[in-house]
Protein chains: 6
Amino acid sequence: MRIVTFGEIMLRLSPTGYERLFQSDRLTGSFGGAEANVAISLANFGEDAAFVTRLPDQAVGRGAVRTLRSFGVDTASICFGGDRMGLYYQEKGVGVRDSLCIYDRAHSAIAEASPSDFDWDSLLSGADWFHFTGITPALSPVLADICRTACLTARRLGVRVSCDLNYREKLWSLSAARPVMAELCSLVDVCIANEGEVRDLFDIQPEGTGQAYYEAMAREACARFGFSQVALTLFEPLSASEDTWSGLLYDGQAVAFAPTYRLPLIDRVGIGDSFGAGLIYALCHNYGRQEAIDFAVAASALKHTVEGDFNRVSVGEVRRLAGKMSAARPE
Amino acid sequence: MRIVTFGEIMLRLSPTGYERLFQSDRLTGSFGGAEANVAISLANFGEDAAFVTRLPDQAVGRGAVRTLRSFGVDTASICFGGDRMGLYYQEKGVGVRDSLCIYDRAHSAIAEASPSDFDWDSLLSGADWFHFTGITPALSPVLADICRTACLTARRLGVRVSCDLNYREKLWSLSAARPVMAELCSLVDVCIANEGEVRDLFDIQPEGTGQAYYEAMAREACARFGFSQVALTLFEPLSASEDTWSGLLYDGQAVAFAPTYRLPLIDRVGIGDSFGAGLIYALCHNYGRQEAIDFAVAASALKHTVEGDFNRVSVGEVRRLAGKMSAARPE
Amino acid sequence: MRIVTFGEIMLRLSPTGYERLFQSDRLTGSFGGAEANVAISLANFGEDAAFVTRLPDQAVGRGAVRTLRSFGVDTASICFGGDRMGLYYQEKGVGVRDSLCIYDRAHSAIAEASPSDFDWDSLLSGADWFHFTGITPALSPVLADICRTACLTARRLGVRVSCDLNYREKLWSLSAARPVMAELCSLVDVCIANEGEVRDLFDIQPEGTGQAYYEAMAREACARFGFSQVALTLFEPLSASEDTWSGLLYDGQAVAFAPTYRLPLIDRVGIGDSFGAGLIYALCHNYGRQEAIDFAVAASALKHTVEGDFNRVSVGEVRRLAGKMSAARPE
Amino acid sequence: MRIVTFGEIMLRLSPTGYERLFQSDRLTGSFGGAEANVAISLANFGEDAAFVTRLPDQAVGRGAVRTLRSFGVDTASICFGGDRMGLYYQEKGVGVRDSLCIYDRAHSAIAEASPSDFDWDSLLSGADWFHFTGITPALSPVLADICRTACLTARRLGVRVSCDLNYREKLWSLSAARPVMAELCSLVDVCIANEGEVRDLFDIQPEGTGQAYYEAMAREACARFGFSQVALTLFEPLSASEDTWSGLLYDGQAVAFAPTYRLPLIDRVGIGDSFGAGLIYALCHNYGRQEAIDFAVAASALKHTVEGDFNRVSVGEVRRLAGKMSAARPE
Amino acid sequence: MRIVTFGEIMLRLSPTGYERLFQSDRLTGSFGGAEANVAISLANFGEDAAFVTRLPDQAVGRGAVRTLRSFGVDTASICFGGDRMGLYYQEKGVGVRDSLCIYDRAHSAIAEASPSDFDWDSLLSGADWFHFTGITPALSPVLADICRTACLTARRLGVRVSCDLNYREKLWSLSAARPVMAELCSLVDVCIANEGEVRDLFDIQPEGTGQAYYEAMAREACARFGFSQVALTLFEPLSASEDTWSGLLYDGQAVAFAPTYRLPLIDRVGIGDSFGAGLIYALCHNYGRQEAIDFAVAASALKHTVEGDFNRVSVGEVRRLAGKMSAARPE
Amino acid sequence: MRIVTFGEIMLRLSPTGYERLFQSDRLTGSFGGAEANVAISLANFGEDAAFVTRLPDQAVGRGAVRTLRSFGVDTASICFGGDRMGLYYQEKGVGVRDSLCIYDRAHSAIAEASPSDFDWDSLLSGADWFHFTGITPALSPVLADICRTACLTARRLGVRVSCDLNYREKLWSLSAARPVMAELCSLVDVCIANEGEVRDLFDIQPEGTGQAYYEAMAREACARFGFSQVALTLFEPLSASEDTWSGLLYDGQAVAFAPTYRLPLIDRVGIGDSFGAGLIYALCHNYGRQEAIDFAVAASALKHTVEGDFNRVSVGEVRRLAGKMSAARPE
């Protein structure tokens, strides 16, 4: 299956281990970004994943391309131009000390892209799936427009569209995001989100608690936007380095809940993206409702253990874990 | 507020991660020492902290000065002389393997200091607070005398005095420490200690158990030495890499207990010092009894997560954590 | 006591921390192998341990010799020849992600050894104990023969023989291993194993559950092969980075169970070897049944915390831990 | 002496050793910038150096402050605001491969500063010397104005002004730079430059070759702008990792040339700044013409050997080298 | 242009800096091999380079694929199978201490390949150029046959064939290599070699000295094997870390000599491969005789400065250097 | 041959590459000391080398023992006691920046040794050679006495004695050293020194220049003290990272000069020790005058390239280099 994702890839600067930022002069320079993470995860699953973005034509941008290519992601559609890579500083939290993320992504090549940089008819030609997240339209009003064009093109070409809401308050306010995301969501087939995003962006707050609450939330979102599927991640932080993790999938007919994992957190960045990639993989391969959400949650459970933004695991590893957890689930 | 602390800063040599000493040739060379840790923590809280010590005038001593200055600690009062920096080797424990600390601090510049190295009238001029710990008088009888001079000068100048008992059996015996500490404590306003130190150094062993026991201990210490406040850290090691952590503050009127944290231990060195610094900050800013102990315990809870001797956290981070824990406390 | 162990030492290539293999270009190059690990552990306990193997005469083989010598292991009996060191890639698991081990040990100098490389009368002269594991005979049929010769020589010379079953499915099938190990076990005094190995290699599956089951298993193994002692490790993985750990020793008369530890796992490689070394030490020093198994389990509990194959702990550290756990055991 | 410098400090991201950018994921994160380098060098010489800039109030900006403070630079005048630190990627060249520098400094806190951020009467109160370089006015037209205000204030307060021309074609064109620098130079006492800058920015191309040419150049610049002194660095690259290095000082009366060094290049960044700092130190201390240029050239010769932007050497080290070279000079 | 190269890629294990092997436990794990190096260099020049090999289907083999892909090398034709990656240990020499290389490449996946693993009609379909070196046929007689099949197929399909003689005495004797290489060379268009290889493998030892000698050597090789071009690298080691470097190209009509560089050596591995890649690039782009050899020598001069096997430079960087050197050449 | 050396081994703390001390927090913790370096070099040459010292019985001292043992040095005679390891900080110079060495070796276990710690009859039993340097008697008057006892015992037992003068002005003054060294030298067979030491310690300043001067110096030293051989290292620093290096050997009959090397300096520490070890090896193996000095100079030329105190080279490597240089020597 050919899956095209669209968004920003940034340089990620991390101190070593649990050091605070600039506690020493050692930094790890890796790359990451929500949609790139999804593309890499899918490429690791053996899919034909392409990543569309705009990068500066210098050593940093080319470093990002090298990284994407190393996983087999198709980078042929990347457009070169602009002055700088966005970047972010990521400090790892542990115990009672929270993680810290500092964005330095304004004025990046992609944030300053223009509609003419992307010929969506060509970019989506032959694609089976198009994926973006709420971060991309948040980068600039132009990018929100480009996302709409991409979605419209995808629908016209019969390409399935998924969107991870990925609301980032550091990029835009809720009031700015709501109308943009609402319009885009009306063009989306598969919606991926967490409970807070559905509540805050869609203003959906059903009655009830526990599973009933989440099910009602998914049903209402489907009804409102015409999604074919809604997948929610369900988690509770136990500390900065431990959480519980699960998810649900509603396919317009019924809801399936995955088992709940209790997990140490080696690197929290990209966990949601690994869930999205797992879900896309499962839906591309026509997994059933339960199998699909089990796979997506197992994939993201494994991501908890992997350093960096990318989920460096294979389909076999995800299946083995999903099977083990599934076997432990009471019928 | 201007806080002056007095003691030794050492070179700290640590292997990487959980390696045993000299398992590989990689060492991290940082600096640390109880009173320097307090000064740095207070500087990180925005206070005007000064550190008084004696250092050799070579690259190692100047490295320590550079480190202190980087945090904004006033190093203008440091006296140069002597032949060597004290140092210590610190191996990190985990699980059932305990931490290991090897001192190599005899004959250090500060251990061989003489009274004429420090003009306390000048050093404490303009200060609001003077802090030392039981390590400093343990370094030599001369230093015990210098501490007494410092305390007397502080009292004369109206500078508040705090002492963290910090008994170290590798430096002196209980029988050597008792009379020295008793004399110094009679000049101290705020006493910081743990339960074992109060019991062993002051021979205070009240009836009762639990909170009542600790409260009685604090009351008796106050009564004996005329402290205005006594703060105790309360903790239980769960393994070499996990503990429970709390504290109490008695202000001559009543006792306040902080909530109890269960914490993974990234670096145990300096946890007590971060408690002392938190307490001094809170008392300098006229926090109430409960707020003060909550702040001190939250500060030291955060230190559990920070590599190295120093508590690299801000007042905002401490307050956020204290508030979260306080909110979770049943009324 | 002079203990001679025989087997393979390999180069171990490990990524940093929790990185996946070749996530970055940093590798740690250390050495390890079951019988070498036992020798090193015993040397760390102060014993006169010798390691017998065959190594290529180049920088890698000499690096292994330097490492063995650094612990005081006698390397004078190592035979040089062959073309390559065996090596293995070891990726550390955590949480739901399992550890990964890739062998590249075929065609190693030891795997291509011939009987004439080892003069067992000379090698075992003056020895008190001979130890090997099921890995050595798995390397080649010739090595299985060499092991038999070594055991026969040991028995003739009055040297006690221990064998850790150490079944490795990557080296040989159960059906290949069973007859070889059965023949060798008939020449062994002390058998070290885990429950699965006894069940699968010896086809011993007694009735019962819990301690009764394990005791019956040990009794039957002793009866079948004429072992003087059987020691079993008892463990349950809680995740890739945490387990429970215990063991039992049956000495032909009665069974002693060690306390059960719950342990974080810093490095799982060599834990079984550290148990074997602890047991051999205890039996060499005529520890009683209970003391012996307590020591062996405490030694291997400490190994959980040590990076690399080798148990870098002293007798004092093991005793201190065993004593603490023993004190906590209800009478 | 109190010396105030004004400009940008950036995060510097460097690969390890001679690696190309992003050849591995290891980066060294240090700080640097022309005027900060001068301040640090002067602080290392024992002077009271202050650095004026604008920094974002987050972990990266605070990291820069910690670094400045570690050398004893007065950071009290730094103004906080803006969104980001400027940064640059610096790849080390060697032999036939040139160094590579990629700027990402647009939109930095200082580049977006406004005149009201700096109260020069207050900032220069008590100062003996004010130093800036041609980089600062290149950052924005507003900054060019701020530089002019600073120079005017300095002259009014009797503070000596030095400027290192530091023309950077990545920041502005020659035609943009010429009028701005000409106006600023008319307010400058001591001009520091290299031959190319004098030729291109001032359009001064005297007759002659060799020392006569350089002397004529310096004389003409003095005459044109009314400088009290002009100092030129004189160098020839032999490869990316070796050069010859010298300089001259003209004080309105005569020219002194320093000896010529042949030097391996460990880190080329900041060599010019170390020359400027050496010169300022020498002039502040009333060194004679020859002694001054000898000191400045020796200081920058030592910088060739120091990793990072900063010249981590003492006055003693500079004097020792200058003395050795001076002794080798034929009378 | 599409260039297909065929051979082995290995894991390369290097100590840090100038450390001797296993002086510390730090290893750098990169990948390399003569024909892979050529493919990567060509991909860095913007060509469509494909690499054909056989790799084990595990984490090490996949790491090699990731590395190749990161540069944009087409890895779609890699055949998976076999048990192990070949590897080599590479210790860097300096001054009077020579570099040390230890091969551990026997029994690798490619060394045990069979003819059916490679369908050359398909692999060379659409290719413009096929390149291999004398290392590939040295790995096994089967591989020598496979190389012949590949060459015959290339000639049939009109694909140009180049071969770098790359004689390795650690892999086969001169007497074993001579007939094999002679037969293969009869199928080769472009021969790349050094003087010693031509002399020893082809037994060509013309009269004369200096340039005349080399020219005669190239002419005779062309005449003997019907090469369209012969390119020779010409170098003289000055120490383990410095050499002089040049080359010649004979195109059947005349000889062109490149300028001679004097170069520090950061990493000697892959220098010859970077020369071959430069030459192939130049010939693919129809560079004239002089331009072609200038480009190839400049490319390999730059490789002297790059860590690892791969020549991480662009066409622009090579051209800039070649132009600079060419400009310095007396007409 | 069994060679016993006596002296101090210290912890050596070095910053990374060309960093200045405490420029970052990375330190390399290795071990070294003149006489230990000689023992290790001889063990690397295959000799039975033993090192006698006194070490504290803790992790640092045991780390030193592990290092010595790794090279096969006999550590059985090391006496445990005392409080601390001596240590030194070693910063690497380059170009015009000199190396920097800071001793922190006072009060070390060996510096506080007493005569009863060493039973020389036993320690030298079976030895062929005893070696010490002028550093050992400089550590304390007691150690000077112990050295005399050792020399007397050696002479009584027919053990040859060598001494490297190794004058260190940081340890004692010339006036303190002269009588002590004179007395010890009267008990020495083979004297190793450099020209400055012979001139300053022995006050030997012959007429003449060049080789004649050095030969006269050696002859006079032999005549004065009755040495059987005098070996001098001859060198000229070209910068902190390059020198010329040679040496001479006078055996009471004639002088042989080694070729002169021009050498880059990777690590200067231990170069003299590697010369001494080379000489002892050559004399032990009855090399002729010329071969002996060629071997010693080639060994120390190789040491120029090796990081750390120890000369990690084999006899084969030394011979190969000596042969190459010897071949280049005009007859």
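All heavy atoms count here, side chains included; hydrogens, waters and symmetry mates do not. Lettering follows sequence order; numbering is per chain, from 1.
Distance check: D:Ile102 CD1 to A:Arg84 CZ gives 12.5 Å after rounding to the nearest 0.5 Å. Put simply, CG on D:Leu13 and CG on A:Asp25 are 11.0 Å apart, with the number rounded to the nearest 0.5 Å.
Atom CG of D:Asp83 has 12 or fewer neighbouring heavy atoms from other residues, nucleotides or ligands inside a 6.0 Å radius.
Ranked by heavy-atom pairs shorter than 4.5 Å toward chain A, the options D:Thr28, D:Leu100, D:Thr16 are led by D:Thr28. The choice from D:Gln23, D:Arg66, D:Arg26 that makes the most heavy-atom pairs within less than 4.5 Å of chain A is D:Arg66.
Using a 4.5 Å heavy-atom threshold, the side chains of A:Val60 and D:Asp104 count as separate. You'll find the side chain of A:Phe22 stays beyond 4.5 Å of the side chain of D:Thr67, heavy atoms only. A:Tyr89 places a side-chain heavy atom less than 4.5 Å from the side chain of D:Leu11.
Looking at D:Leu21, the atoms closer than 4.5 Å to chain A (heavy atoms on both sides) sit in the backbone and in the side chain alike.
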